[in-house]
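So the structure is just underneath, and the comments pick up after that.
The basis for the numbers below is simple: all heavy atoms, side chains too, and nothing from hydrogens, waters or symmetry mates.
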Amino acid sequence: MAHHTIKSPVVLVNLKCYQESVGHGAHRIAQAAQEVAEESGVSIALAPMYMDIHPIKHHFGIPVFAQHFDPISPGAHTGRIPLTAIKTAGAVGSLINHSEYRLSIADIETNVQALRNEGMISCVCSNNVATTSAVATLGPDYVAIEPPELIGGKISVAEANPEIITGSVQAALKANPDVKVLTGAGIHSGKCVKTAVDLGTVGVLLASSVVKAEDPGAVLRDLVSLL
Ligand SMILES: O=C(CO)COP(=O)(O)O
């Protein structure tokens with residue numbers, strides 16, 4: 001089975017569970033993402049809440065990720081989400097182990113393998129260089145380095161802690177040369193994205209600067225402006 005891929009550089013927007021991301025809000029951001037991706041040629045992907053995966057996939061030509069799925073097979077479980085559900089809804093991949101939804105290393109491994117088996121894209125989040133190294137050995141497509149203390153803030157990791165980015169790139173390459181690294185936490189401008197790419201990552205994982213913006217399209221245009 002062909003493995004889904006996304007051309008670098010990548011801007012992956014995690015819509016989280018923000019009020020601005022519910023229903024029409026998600027469509028508004030998806031519309032802006034599609035326009036800016038077409039104008040700029042930069043890959044812009046969204047990770048909306050589960051119920052918006054299918055509508056966004058249906059209405060817009062941008063890659064859609066899940067924010068999480070459960071390391072379970074279909075069967076007698078209640079209130080959980082197996083991989084087959086996000087795949088059928090149209091997701092090309094999923095975040096795994098986000099700082100706001102941590103998993104055990106065994107469950108991370110199960111989910112990376114499950115996505116690989118389905119030809120889907122795995123993006124494992126990590127909080128530091130040691131975790132980057134550990135999860136890179138599992139062979140995900142992407143590791144996103146996101147120091148938790150900078151998530152949701154106005155100071156980007158690219159400004160506050162460039163060493164964690166370069167350290168993560170080195171650690172990931174050492175563990176597995178095929179793994180690509182994304183930079184996340186506080187990313188809000190074209191300069192942050194440029195720094196992230198200059199430091200050796202293939203793009204960014206971000207949320208609040210786009211989701212909470214009055215004009216998400218204007219922020220996305222700025223984010224890709226120096227690529
Ligand atoms: O957690 C993040 C993306 O998954 C980063 O969030 P912010 O862009 O709001 O810092």
Legend entry - Gly217 to Val36 - nearest heavy-atom pair and separation: O-CG2, 3.8 Å
Legend entry - Heavy-atom side-chain proximity of Thr183 to Leu199 below 4.5 angstrom: no
Inset, instruction - Please confirm whether the backbone N or O of Cys17 pairs with a side-chain atom of Ser21, one donor and one acceptor, at under 3.5 Å? - result: no
Inset, instruction - Please examine the side chains of Pro140 and Val179, heavy atoms only from C-beta on, and report whether any two atoms are closer than 4.5 Å. - result: yes
Legend entry - Shared hydrophobic cluster, Val10 / Phe60 (ILVMFWY, side-chain heavy atoms < 4.5 Å): no
Inset, instruction - For the pair Asn176 (side chain) and Thr137 (backbone), establish whether a donor and an acceptor sit closer than 3.5 Å, ignoring hydrogens and angles. - result: no
Legend entry - Any donor-acceptor pair under 3.5 Å from Gln67 side chain to Lys16 backbone: yes
Inset, instruction - For the residue pair His68 and Tyr101, categorise the inter-ring angle as parallel (less than 30°), tilted (30 to 60°) or perpendicular (more than 60°). - result: parallel
Inset, instruction - Kindly say whether Gly203 contributes a backbone atom to a donor-acceptor pair with the side chain of Lys180 at under 3.5 angstrom? - result: no
Inset, instruction - Check the hydrophobic clustering (I, L, V, M, F, W, Y; side-chain heavy atoms under 4.5 Å; chains of links allowed) and say if Val143 and Ile105 are grouped together. - result: yes
Legend entry - Val135-Ile151 co-clustered via ILVMFWY side chain contacts under 4.5 Å: no
Legend entry - Check against side chain to side chain donor-acceptor pair (under 3.5 Å), Thr131 and Asn128: CA-CA 5 Å; Thr131 303; Asn128 59 30; 2.9 Å; yes
Legend entry - same_hphob_cluster(Val202, Val197) at 4.5 Å side-chain heavy-atom cutoff: no
Inset, instruction - Quick one: pull up CG in Leu15 and OG in Ser208 and give me the separation to the nearest 0.5 Å. - result: 12.0 Å
Inset, instruction - Kindly say whether Ala172 contributes a backbone atom to a donor-acceptor pair with the side chain of Thr132 at under 3.5 angstrom? - result: no
Inset, instruction - Search all heavy atoms of Leu150 against all heavy atoms of Ile155 and return the closest pair with its distance. - result: CD2-O, 4.1 Å
Legend entry - same_hphob_cluster(Ile164, Val181) at 4.5 Å side-chain heavy-atom cutoff: yes
Legend entry - Exercise: do Asp107 and Thr110 side chains pair donor with acceptor under 3.5 Å: no
Legend entry - Side-chain ion pair, Arg221 and Glu39, N-O less than 4.0 Å: yes
Legend entry - Distance-only polar pair, side chains of Gln34 and His59, donor-acceptor under 3.5 Å: no
Legend entry - Exercise: identify the closest heavy-atom pair between Ile53 and Ala91: CG2-N, 3.7 Å
Inset, instruction - Determine, step by step, whether His77 and Asp70 satisfy the side chain to side chain contact (heavy atoms under 4.5 Å, CB included) criterion, reporting the C-alpha distance in whole Å, the side-chain angles of both residues, the deciding distance to 0.1 Å, and the verdict. - result: CA-CA 10 Å; His77 311 280; Asp70 291 309; over 6 Å; no
Legend entry - Short side-chain to backbone donor-acceptor contact, Glu20 and Lys212, under 3.5 Å: no
Inset, instruction - Report the C-alpha separation of Val193 and Val224 in whole Å, then their side-chain angles, then the decisive distance to 0.1 Å, and conclude whether the side chain to side chain contact (heavy atoms under 4.5 Å, CB included) test is met. - result: CA-CA 7 Å; Val193 179; Val224 302; over 6 Å; no
Legend entry - Side chain Asp52, main chain His27, donor-acceptor under 3.5 Å: no
Legend entry - Val11, Leu182, Leu223, Val157 screened by side chain to side chain contact (heavy atoms under 4.5 Å, CB included) with Val204, the one that passes: Val11
Inset, instruction - Count the heavy atoms belonging to other residues, nucleotides or ligands that lie under 6.0 Å from NZ of Lys154, then report whether that count exceeds 12. - result: no
Legend entry - Minimal non-hydrogen separation, Ala66 against Ala47, with atom names: O-CB, 4.2 Å
Inset, instruction - Would you indicate whether Glu163, at its atom CD, is surrounded by more than 12 heavy atoms from other residues, nucleotides or ligands within a distance under 6.0 Å? - result: yes
Legend entry - Rounded distance (nearest 0.5 Å) linking atom CG of Leu12 with atom CG of Leu205: 5.0 Å
Legend entry - Distance in Å, Met49 CE paired with Met51 CE, rounded so as to fall on 0.5 Å steps: 7.0 Å
Inset, instruction - To the nearest 0.5 Å, tell me how far Cys125 SG sits from Leu103 CG. - result: 10.0 Å
Legend entry - Nearest-0.5 Å distance, CD1 of residue Ile6 to CD1 of residue Ile121: 4.0 Å
Legend entry - Short side-chain to backbone donor-acceptor contact, Ser168 and Ile165, under 3.5 Å: no
Inset, instruction - Determine the minimum heavy-atom distance between Val112 and Ser122, stating which atoms define it. - result: CG1-OG, 4.2 Å
Inset, instruction - Determine yes or no for a side-chain-to-main-chain donor-acceptor pair under 3.5 angstrom, with Ser126 supplying the side chain and Ile145 the backbone. - result: no
Inset, instruction - Could you check Leu115 against Ser94 for side chain to side chain contact (heavy atoms under 4.5 Å, CB included), going step by step and ending with a plain yes or no? - result: CA-CA 8 Å; Leu115 285 164; Ser94 184; 4.2 Å; yes
Legend entry - Check: Val124 main-chain N/O paired with Asn97 side-chain donor or acceptor under 3.5 Å: no
Inset, instruction - Could you point out which residue of His4, His3, Arg116 forms a side chain to side chain donor-acceptor pair (under 3.5 Å) with Asp141? - result: His3
Legend entry - Closest contact, heavy atoms only, Pro216 versus Val210: CB-O, 3.8 Å
Legend entry - OG1-CG distance between Thr88 and Leu83, expressed to the nearest 0.5 angstrom: 8.5 Å
